[in-house]
Amino acid sequence: MSFIEELKWRGMLHDITPGTEKLLKEDFVSAYVGIDPTADSLHIGHLVSIMMLKHFQVAGHKPLPLIGGATGMIGDPSGKSQERTLLSEEVLRHNEKAIHKQLIKFLDFDSVKNKAEIVNNYDWMKDFSFLQFLREIGKKISINYMISKDSVKSRLETGLSFTEFSYQLIQAYDFLHLYQNKNCKLQMGGSDQWGNITTGIELIRRTTGNEAYAVTCPLITKADGGKFGKTEQGNIWLDSRYTSPYNFYQFWLNCSDKDVERYIKIFTLMPREEIENLIKEHCKEPHLRKLQKVLAKDITIRVHGEEEYNLAVEASGILFGKGTTEMLLKLPEDVLLSLMEGVPKHTISKSSIENKISIIDFLTEETGVLPSKSEARRALKEGSISINKKKENESKYVSVDDLINSRYIIVQRGKKKYFLVIAE
RNA sequence: GGGGGGAUUCCAGAGCGGUCAAAUGGGGCAGACUGUAAAUCUGUUGGCUAAGCCUUCGGAGGUUCGAAUCCUUCUCCCCCCA
């Protein structure tokens with residue numbers, strides 16, 4: 001199966017320039033995807049374009065992940081309704097390093113024939129003077145052309161700084177630079193990058209007279225219309241400091257049936273036949289949630305490793321399975337703590353519960369698990385509060401007898417929301 | 001510049017002197033069902049020392065026993081005419 005066919009059946013092809021398929025068939029090609037270092041970790045949204053590069057490499061071509069050390073200093077207006085604040089150079093350099101480390105996990109950097117190579121546009125932009133840039137590059141692209149791009153057009157009403165306006169030209173130059181220095185003829189990215197990519201193609205055409213190509217993938221959506229990759233707590237990051245492996249695993253496990261079929265095609269490398277069989281099985285026995293489990297396993301192992309995956313599964317079993325108070329009481333402290341990783345923690349002084357206190361005070365004043373006493377009363381009336389896995393009502397008093405390992409109390413609001421209260 | 005309409009609790013949007021912590025819908029949260037899914041149904045959705053009290057209906061004043069509702073003024077938004 002060709003690279004393009006692969007993308008097609010996986011639902012990863014949104015737009016493609018004419019002739020791309022022919023080029024890939026006849027030549028050994030390099031392609032790049034740009035990632036701006038706006039944070040010191042990638043999130044799962046980035047994973048889509050990384051998977052494009054991965055498939056590209058599997059198809060025998062050479063992937064060039066580009067870290068936007070320069071473009072990150074400018075800010076891409078694509079898909080943004082507002083001007084953004086600039087990151088300091090120090091932060092950017094730090095972010096670049098972190099992202100570099102993460103990228104290494106996903107692509108093959110050792111292959112003799114087509115090893116991946118990370119490039120950073122800061123390397124070629126940092127010594128390119130403003131005047132030189134205007135004379136060499138700016139002269140080739142007209143304002144009219146740049147303004148006609150959606151990313152710019154949509155911002156003309158609300159305002160757009162010259163800085164962000166310039167972004168597409170810098171990205172276009174990246175493409176030209178890679179074309180000339182790395183023989184890179186293809187740029188890939190999310191569909192929101194189409195405008196920027198075609199500006200690059202135009203620049204290459206005007207500079208060299210040659211053709212360059214683009215492939216974009218659709219924006220990943222959720223069936224319920226929400227933003228992909230976001231939870232109440234924010235983005236799902238690849239870095240375990242920001243999203244614990246447990247939460248990462250849970251995110252995939254919680255995908256709805258509608259979404260999971262699309263996601264497993266995008267985020268795993270599993271072959272078509274295997275995925276189609278899985279989907280069939282899933283339809284037969286949806287309650288087993290096989291697809292979600294396979295997807296969560298595959299991607300958690302690739303991002304965090306097998307050991308972290310096993311811990312996440314184990315934790316899920318205890319928290320969502322038929323876990324009882326007795327089970328919790330038996331857990332060693334370190335297991336309990338790793339289980340509670342990524343769960344909001346609240347501290348309380350041990351002395352405050354030496355005498356019994358009402359559960360309402362415990363939930364609000366003492367720990368801040370719930371924001372007001374009204375809400376606490378309501379929750380208790382609804383039967384949504386559990387202490388150490390046991391449902392409680394308003395008549396409950398909390399005391400040192402409730403402490404697990406004489407230090408912890410596990411509070412649940414509803415089925416899924418956990419809080420760990422630590423008595424000190 | 002002239003004329004008109006509007007600002008209500010997370011959002012949309014009723015209310016137009018007491019029965020208003022404010023209809024209804026959406027969203028949120030929870031319960032039931034289930035599969036940690038979806039759909040559906042139910043409850044709930046300002047705070048507190050809770051059959052009571054306090055703070056809320058763009059801001060500031062005023063009328064009144066009593067104001068989200070009436071008056072004055074300010075701020076902001078929308079529409080129409082020039």
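Numbers restart at 1 for each chain; the letters A, B, ... are given by sequence-line order, proteins then strands. Not measured: the values here are computed from a predicted model.
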Looking only at side-chain atoms of [X], point me to the closest of [options].
X: A:Lys391; options: B:C48, B:U36, B:G31; answer: B:G31
X: A:Ser256; options: B:A30, B:U36, B:A38; answer: B:A38
X: A:Arg413; options: B:A37, B:A30, B:U34; answer: B:A30
X: A:Lys416; options: B:A37, B:A32, B:C48; answer: B:A37
X: A:Ser316; options: B:U36, B:G47, B:G35; answer: B:U36
X: A:Gln292; options: B:G35, B:A50, B:G31; answer: B:G35
X: A:Ser374; options: B:A50, B:G35, B:A30; answer: B:A50

Suppose you measure atom [atom1] in [N] against the same atom in [M]; what distance do you get, rounded to whole Å?
N: B:G2; M: B:C11; atom1: P; value: 34 Å
N: B:C70; M: B:U63; atom1: C1'; value: 8 Å
N: B:G4; M: B:U56; atom1: P; value: 32 Å
N: B:A67; M: B:A12; atom1: P; value: 27 Å
N: B:C29; M: B:U19; atom1: C1'; value: 30 Å
N: B:G13; M: B:C48; atom1: P; value: 30 Å
N: B:G66; M: B:U55; atom1: P; value: 15 Å
N: B:C33; M: B:C41; atom1: C1'; value: 9 Å

Carboxylate-amine/guanidinium proximity below 4.0 Å for [X] and [Y]:
X: A:Glu392; Y: A:Lys390; result: yes
X: A:Lys62; Y: A:Glu117; result: yes
X: A:Glu365; Y: A:Lys373; result: yes

Write down the partner of [N] under the Watson-Crick or G-U wobble criteria, each distance required to be under 3.5 Å.
N: B:C76; value: B:G6
N: B:U55; value: none
N: B:G27; value: B:U45
N: B:A67; value: none

- Message: Looking only at side-chain N and O atoms, does A:Gln171 offer a donor or acceptor that is under 3.5 Å from a partner on A:Asn196?
- Response: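 The criterion, which ignores hydrogens and geometry beyond distance, is satisfied for A:Gln171 and A:Asn196.
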- Task: For the residue pair A:Thr268 and A:Asp298, confirm or rule out a side-chain donor-acceptor distance under 3.5 Å.
- Result: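 A:Thr268 vs A:Asp298: no donor-acceptor pair found between side chains.
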- Query: Between the base of B:U36 and the side chain of A:Lys417, is there any donor-acceptor pair under 3.5 Å?
  - Reply: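 Side chain to base: no pair present.
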- Query: Less than 3.5 Å between a donor and an acceptor, one on the side chain of A:Glu382 and one on the base of B:G31, is that the case here?
  - Reply: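 It does not, because no donor-acceptor pair links the side chain of A:Glu382 to the base of B:G31 below 3.5 Å.
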- Want to settle it: does A:Val313 or A:Glu365 sit nearer the 5' end of RNA chain B, counting the closest nucleotide to each?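 Checking each residue's closest nucleotide, the 5'-ward one belongs to A:Val313.
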- Find which nucleotide of RNA chain B each of A:Glu375 and A:Gly383 is nearest to by heavy atoms, and output the residue with the more 5' nucleotide.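 The residue mapped nearer the 5' terminus is A:Gly383.
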Whole angstroms only, please: what is the [atom1]-[atom2] distance between [X] and [N]?
X: A:Glu261; N: B:A38; atom1: CD; atom2: P; answer: 15 Å
X: A:Ile360; N: B:U49; atom1: CD1; atom2: P; answer: 9 Å
X: A:Lys373; N: B:U45; atom1: NZ; atom2: C1'; answer: 20 Å
X: A:Ile385; N: B:G43; atom1: CD1; atom2: P; answer: 21 Å
X: A:His287; N: B:C33; atom1: NE2; atom2: C1'; answer: 16 Å
X: A:Leu288; N: B:A38; atom1: CG; atom2: C1'; answer: 16 Å
X: A:Leu363; N: B:A30; atom1: CG; atom2: P; answer: 14 Å
X: A:Gln412; N: B:U36; atom1: CD; atom2: C1'; answer: 12 Å

- Would you please confirm or rule out a distance under 4.0 Å between OP1 or OP2 of B:G31 and any side-chain N or O of A:Ser384?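 For B:G31, neither OP1 nor OP2 has a side-chain N or O of A:Ser384 closer than 4.0 Å.
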- Return the orientation label for the A:Phe251 and A:Phe228 ring planes: parallel under 30°, perpendicular over 60°, tilted otherwise.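 Judged by the thresholds at 30° and 60°, the geometry between A:Phe251 and A:Phe228 is perpendicular.
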- Hey, what's the ring geometry for A:His43 with A:His46, parallel, tilted or perpendicular (30° and 60° as the breaks)?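 Tilted: the ring planes of A:His43 and A:His46 meet at 30° to 60°.
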Just checking [X]: base, sugar-phosphate only, or nothing, at a heavy-atom cut-off of under 4.0 Å?
X: A:Arg377; value: base
X: A:Arg378; value: sugar-phosphate
X: A:Glu285; value: nothing

- Query: Centre of A:Phe267's six-membered ring, under 6.0 Å away, within 45 degrees of the axis: is that where NZ or CZ of A:Arg302 sits?
  - Reply: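 No, a cation-pi geometry is absent between A:Arg302 and A:Phe267.
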